[in-house]
Amino acid sequence: MLITQGGAYFAVSRVSQDSARKQIDRDLVSTARIFRNTLVRQGRDLLEKARLLSSDFAFKQAFASRDYGTMLSALQNHRIRMQADVMMLCTLDGHILTDTLHPDDNDDSDGSFPVPGLFDRIMDSETGELQAIGQIDDAVYQLAIVPLFTPEPSAFIVIGFLIDENFARELSATARDTEVSLLQKRQSSGWQLFATTLPPTLASDLSGRADISTLPSDQTRMITQAGQQYISMAVPFGSGARPGTALLQRSLDQQLSAYHALSRVLLGIFLLSLLMSLAAAWFMARSVVRPVKILERGARKIAAGDFGHRVQIRQQDELGQLADTFNEMGSGLAERDRVRNLLGKVVSPEIAEELLSRQIELGGEEREVTVLFSDIRNFTGLCEKLAPGDVVRLLNSWFTRANEVIERHGGVVDKYIGDAVMALFGAPLDKPGAAARAVGAGLDLQQAIRQMNKGLITAGTPSLNIGIGIHTSQVLAGNMGSASRLNYTVIGDGVNLASRLESLCKYYGVESIVSEDTRRQAPAYAYRELDRVCVKGRQQPVTIYQPLGPDPAADSSLPLYRQALDAYRNRQWQRAIQLFTALAEAAPTERLYQLYLERTQALAKHPPDTGWNGVFQHAQK
Amino acid sequence: MKASSNIAKFLAISLMLVCVRAGAATLNAEVVSSKGKPVRDAVVFAVPADPAVLQGIQAQKQVDVDQVDKEFIPYVTAVYRGTDVNFPNSDKIRHHVYSFSEAKQFEIPLYTGAPEKPIHFDKPGEVALGCNIHDWMKAYVFVCESPFFTTTDADGKASLTDLPAGQYQVRVWHPTLRGKPEDTGQKVSLEADSAPQIVQFTIREKKLWKPWRAPTSTTGGYR
Ligand SMILES: [Cu+2]
């Protein structure tokens, strides 16, 4: 489209040039004709006016009287009446008798004939009459000369019109916009400009130009004057030694101005189209490229984890819809992220990770897991003593510490049940040393509660006691629940046993109990065997231990206790009573020794049947 | 030497004077232009060397220069000085005859028929006649200082008869003559009853433009 318009613009411009040139040529030819006709008409006119005086009887009488004053006033009178510019009376041999240009020079017959070469031409003529272009006092005139008959030819009457700026202007006025310059050939300085309608700057450029003389008559030529292009035509006039040339000129630019207006319009349309194309391109860039960039930036932000980032594209098109979708995606991601965070808080980050990273499905897998149960022993009593808000604060404070401890040991909190915490080691991630880590965690939990109690005692709040049960067993691990609401957890007898062990802590007066299965897998710790028990809902007896610390030789009393316990198991009641009494006396706060003392004393009174294997039946929960 | 030639000249002149008185003679003149063409209306006149010859010779009583169809007729009229010339108007319109010439300036304002009185020409020289109404109307009266004059015919020829024998200056005048008739003089010695002498003149002409005459005279008006 742009090419078409550009082409049209240049074609019009070209055609305009040609057309303007032709129009100017026609106009100049026409002006030249007018110019020539004007000279012919004026010449005839002058001749008539001269004859009028020549046939004036009174003038003849004045001439016969040789009264030059009278003759001059008659000439003046006639000149004014004829609206001529000059009148003269000359002798037959070509001397001026009197003339209106120089009224004071009368009776001075040595003034030579005004126009050089003209006298001879008159003498050669058939009638004694002549029309000529002549120069008088540096001015140029169109002249008519006729003899004065008295009745013989006795003098010449000369009459003339000035050819000057007015003449040029009037000619110019007949042909609008045509500049008229009149030049005369002077012997000394070549062509001299004596009248012109051109502005002074252009006129001075024209005067003395050599190429004027080489211009062919009546043909148009392009002349450049002061940077402007002029179609010019030289029209010769006059004759003799000092011929004249009328230079008719028309500015090509001016002629083209109408076309220029048209071409400006075309150029305007062309530029407008260009502008519109650019605007369209810009708009496209704005409405397509820019949104795409925004989306790209947005995608980068999302990739970098800034799910809160939103793109703003206020468009009603596909890109706008894409932006909305993008924002929805961001919202979705942010929601998922939020859920993940919450999950990480509610459950352990590992479980959350497991949940999010794997295909979520109902059911789970059989795996070995160490389950740690911990609860606050005197929680119910505590609740009665404290305001509910303080209870929650206290509880949260403990859970936070507990969670921290558990995570430190690579365990995950599976759930909180009231004041209890259930933690898993070896699930969901099957990290090695789960049992040992669980035992370590349990010991640290004891440490943590002691630490916390220091603060509580200082604050006047009752201190907390916790019980911990740890058991390692094959359980079912996975997502449990309904399709819309899943929990990752573990289920199985082992879980229940861990819970039972925890509740046995109070009975044995210890803070922590681990099963033999756990102990076997965490041999690096020192343990004190507590008992061999059968818990409710479980046929298999289990040996339970109290973890003492990382150093296996932590409790100096263990060997004695070991003997006491062996005696008990071997039905050596008295020896057992003896030993437990000694232990209880040495450690009166140890409920375990007291407990065994009481139990052996009871068994000594009522010895059990032969099937007794030292397993203690815990009937309660 | 010088004195003797002067004496011879004197003797010769005295002899010629004797001859003139003896009887009549004839002079044939021929006038051509510088281009060799015969000149019509040229006035050829002989001025006697002895002014006494002119004594007793009277000018003609009356000469007419007529005006017919807005032209003067004849074109050239030669007269002896002291002649009265009438300017009768044969046209039905008026004419206004004038002359600004040195030899005679006069004016007969608009008139018809014969003017009241003739114009007296007593000074030698050419008198150019014009009409104030009709610029082209032109004629000449040539006033001779001698009664022995004639005008050439269409062949440029003219004859002077009954001239007394003697010495003459023969001169010519014509409207187109450049210069004065005095400069055209040729000395002629005429003997009584001799064969006619022939005098030839070649005229140096001057331009003699005529006022432009309207191509038709039928359109009324005064032209
Ligand atoms: Cu007349």
Side-chain angles (χ1 to χ4, degrees), chain A residues 43-68 70-71 74 78 89-95 97 113 118-132 144-159, chain B residues 34 41 65 67 70-72 75-77 87 94-111 125-142 173-180 204-215 221-223:
Chain A
R44 272 202 305 261
D45 198 26
L46 283 168
L47 217 47
E48 283 300 321
K49 288 171 173 175
R51 282 175 188 153
L52 267 178
L53 189 63
S54 170
S55 61
D56 187 276
F57 189 68
F59 188 72
K60 292 176 192 186
Q61 280 178 310
F63 179 76
S65 72
R66 295 292 189 269
D67 180 350
Y68 295 112
T70 306
M71 278 186 271
H78 193 68
L89 197 63
C90 301
T91 63
L92 291 181
D93 50 2
H95 295 291
L97 284 169
F113 202 71
L118 215 56
F119 183 70
D120 292 339
R121 284 176 56 203
I122 295 177
M123 298 319 273
D124 288 344
S125 73
E126 282 301 308
T127 58
E129 294 184 338
L130 189 74
Q131 294 178 42
I145 304 169
V146 300
L148 172 64
F149 294 103
T150 59
E152 287 206 284
S154 50
F156 290 118
I157 294 170
V158 181
I159 187 167
Chain B
S34 55
D41 288 331
V65 175
Q67 291 142 65
K70 290 171 250 173
E71 294 289 354
F72 288 112
Y75 177 51
V76 171
T77 304
F87 293 94
R94 291 165 193 265
H95 294 293
H96 179 154
V97 180
Y98 70 90
S99 168
F100 297 121
S101 298
E102 224 181 300
K104 183 68 190 179
Q105 287 162 29
F106 71 95
E107 189 179 338
I108 311 170
L110 293 167
Y111 68 97
E126 67 168 76
V127 176
L129 303 173
C131 172
N132 188 18
I133 308 300
H134 308 100
D135 284 340
W136 65 90
M137 284 176 66
K138 200 166 83 173
Y140 293 88
V141 171
F142 186 75
W173 174 88
H174 188 263
T176 63
L177 178 71
R178 186 193 294 269
K180 294 175 174 174
R204 239 164 29 94
E205 305 105 320
K206 64 178 180 188
K207 278 276 182 188
L208 193 63
W209 303 301
K210 292 173 192 163
W212 177 78
R213 177 173 182 171
Y222 60 8
R223 241 186 192 167

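Throughout, protein chains are lettered first and strands after them, A, B, ... in sequence-line order, and every chain is numbered starting at 1.
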Engineer: Does B:E102, at its CD atom, have more than 12 non-hydrogen atoms belonging to other residues, nucleotides or ligands within less than 6.0 Å?
Structural biologist: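 Open: at most 12 neighbouring heavy atoms sit under 6.0 Å from CD of B:E102.
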Engineer: Tell me whether the rings of A:F57 and B:Y98 are parallel (<30°), tilted (30 to 60°) or perpendicular (>60°).
Structural biologist: perpendicular
Engineer: Which distance, rounded to the nearest 0.5 Å, do you find between the OG of A:S65 and the CD of B:Q105?
Structural biologist: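 A:S65 OG to B:Q105 CD: 9.5 Å, rounded to 0.5 Å.
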Engineer: If I take atom CG from residue A:D124 and atom NZ from residue B:K207, how far apart are they, to the nearest 0.5 angstrom?
Structural biologist: 6.5 Å
Engineer: Please flag which part of A:S54 lies under 4.5 Å from any non-hydrogen atom of chain B: side chain, backbone, both or neither.
Structural biologist: neither
Engineer: When rounded to the nearest 0.5 angstrom, what distance separates CD in A:E152 from CD in B:E126?
Structural biologist: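 Between A:E152 CD and B:E126 CD, I get 5.0 Å after rounding to 0.5 Å.
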Engineer: Between atom CZ of B:F100 and atom NZ of A:K60, what is the distance when rounded to the nearest 0.5 Å?
Structural biologist: 7.5 Å
Engineer: Report which part of B:E107 has an atom under 4.5 Å of a heavy atom belonging to chain A: side chain, backbone, both, or neither.
Structural biologist: side chain
Engineer: Non-hydrogen atoms of chain B under 4.5 Å away: do they reach the side chain of A:T150, the backbone, both or neither?
Structural biologist: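 Both parts, heavy atoms under 4.5 Å.
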Engineer: Is there a side-chain contact between B:L208 and A:P153 (heavy atoms, below 4.5 Å)?
Structural biologist: yes
Engineer: Taking A:V146's backbone N and O only, do any of them form a donor-acceptor pair with B:W209's side chain (distance below 3.5 Å, no angle check)?
Structural biologist: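 Between the backbone of A:V146 and the side chain of B:W209 there is no qualifying donor-acceptor contact (under 3.5 Å).
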